[in-house]
2 protein chains.
Amino acid sequence: MNTHQHSTPELTKNQGLVYDSLSHAGGPLSAYAILDDLRDHGIRAPLQVYRALDKLLEMGLVHRLESLNSFVACQHPDCDARATMLFAICSKCSCVSELAGEDLEAQLKSLAASDGFTVQAATIELRGICSACGQSAA
Amino acid sequence: MNTHQHSTPELTKNQGLVYDSLSHAGGPLSAYAILDDLRDHGIRAPLQVYRALDKLLEMGLVHRLESLNSFVACQHPDCDARATMLFAICSKCSCVSELAGEDLEAQLKSLAASDGFTVQAATIELRGICSACGQSAA
DNA sequence: ACAATAAATGTTATTTTATAACACCTCGAG
DNA sequence: CTCGAGGTGTTATAAAATAACATTTATTGT
């Protein structure tokens, strides 16, 4: 049940477990939720999870949601080459969708540049109501 | 040394202490750093700080930096009425500047809307090099 | 194949960040 | 006065992340 399109470089055992747990969850998980999920598979300590997450983040297979202290599997085919990413987090159902902001990045950079600031990385997390929840509760 | 322009509604004792500590710091502080800073002023427990921070956040006098798990005093005259805020965090000197993105907000909302998502709040945190650090180290 | 080296793993303990639960105090509206 | 909301003080605990160290598994050069 591995739905990613990435040209997955060989993952180690723990990296694979953590990545599968995340993709399988279909939503954000905290490191400790992943830990619980993987107890039966030999993962016993937080560090095992954090170490795998670090590598997966480097590879761009996983993203970190700062405002939730949690992690999601990347929803895009090919994320290392990625422009600025944007996460839309639903306040009701907690679902997360990952949007690409082509112009957004340029605009952010120019806005920052007007203050003499050179952007290296951007965290953009929106809170709101997703389309599914918006329809169900008028 | 209270540089804010806000029409500061009366702050309670702890709120005032926390706010002063933050404005005085001139940069982001963690809740526990604030706690340490205020030990001599009768603040002894994390909750005292977190409770004050909660109110200050509500009032818009203070912002939370999700990617740092820390807090800054608002740099703008009048922030409750504010548009989407954007924080530029320097990787070298850790200074933070708060920029206003007028069009940015519109663009974010329309980008999200194209996915059926209704934005309630946005977290935008940039990592990079501030103008001061950019000049000193070519 | 084999030593040398790098990367990943397993484990215990600790640090850092944030809340829960409960008692008390203060101050203003009725 | 009184009672009720918001603020405070305190102890204990939960949740998130890292430090330090020993061991094991891959990789690489020769």
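Below, chain A is the first sequence line, B the second, and so on; all start at residue 1. Since the model is a prediction, treat every value here as computed from it, not as a measurement.
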Between Q15(A) and L61(A), is a side chain to side chain contact (heavy atoms under 4.5 Å, CB included) present by the stated rule, with each step listed?
CA-CA 10 Å; Q15(A) 289 162 16; L61(A) 289 174; over 6 Å; no
Between the base of dG6(D) and the side chain of R51(B), is there a donor-acceptor distance below 3.5 Å?
no
Would you say [N] has OP1 or OP2 under 4.0 Å from some side-chain N or O of [X]?
X	N	answer
T12(A)	dT25(D)	no
Q48(A)	dG10(C)	yes
K13(B)	dG6(D)	no

Pick the nucleotide of DNA chain D nearest each of A45(B) and Q15(B); which residue has the one closer to the 5' end?
Q15(B)
Which atom pairs link the protein and nucleotides 13-16 of chain D when you take only N or O atoms and keep those under 3.5 Å?
unit_1: dA16(D); atom_1: N7; unit_2: Y32(A); atom_2: OH; d: 3.2

Please find the pair of heavy atoms, one from F117(A) and one from I89(B), that lie closest to each other, and give the distance.
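Closest heavy-atom pair between F117(A) and I89(B): CZ-O, 3.4 Å.
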Output the single nucleotide from dA18(C), dG10(C), dT11(C) whose closest atom is nearest the side chain of P46(B).
dA18(C)
If you check every side-chain atom of N14(A), which of dA18(C), dG10(C), dA20(D) has the closest atom?
dG10(C)
Kindly compute the distance separating CD (E66(A)) from CG (L68(B)), expressed to the nearest 0.5 Å.
8.5 Å
Are Q120(A) and S91(B) close enough, and set up right, to give a side-chain hydrogen bond (donor to acceptor under 3.5 Å, both in side chains), and what steps lead you there?
CA-CA 9 Å; Q120(A) 291 171 335; S91(B) 304; 3.0 Å; yes
Residue pair S67(A) / E125(A), side-chain donor-acceptor N/O under 3.5 Å:
yes
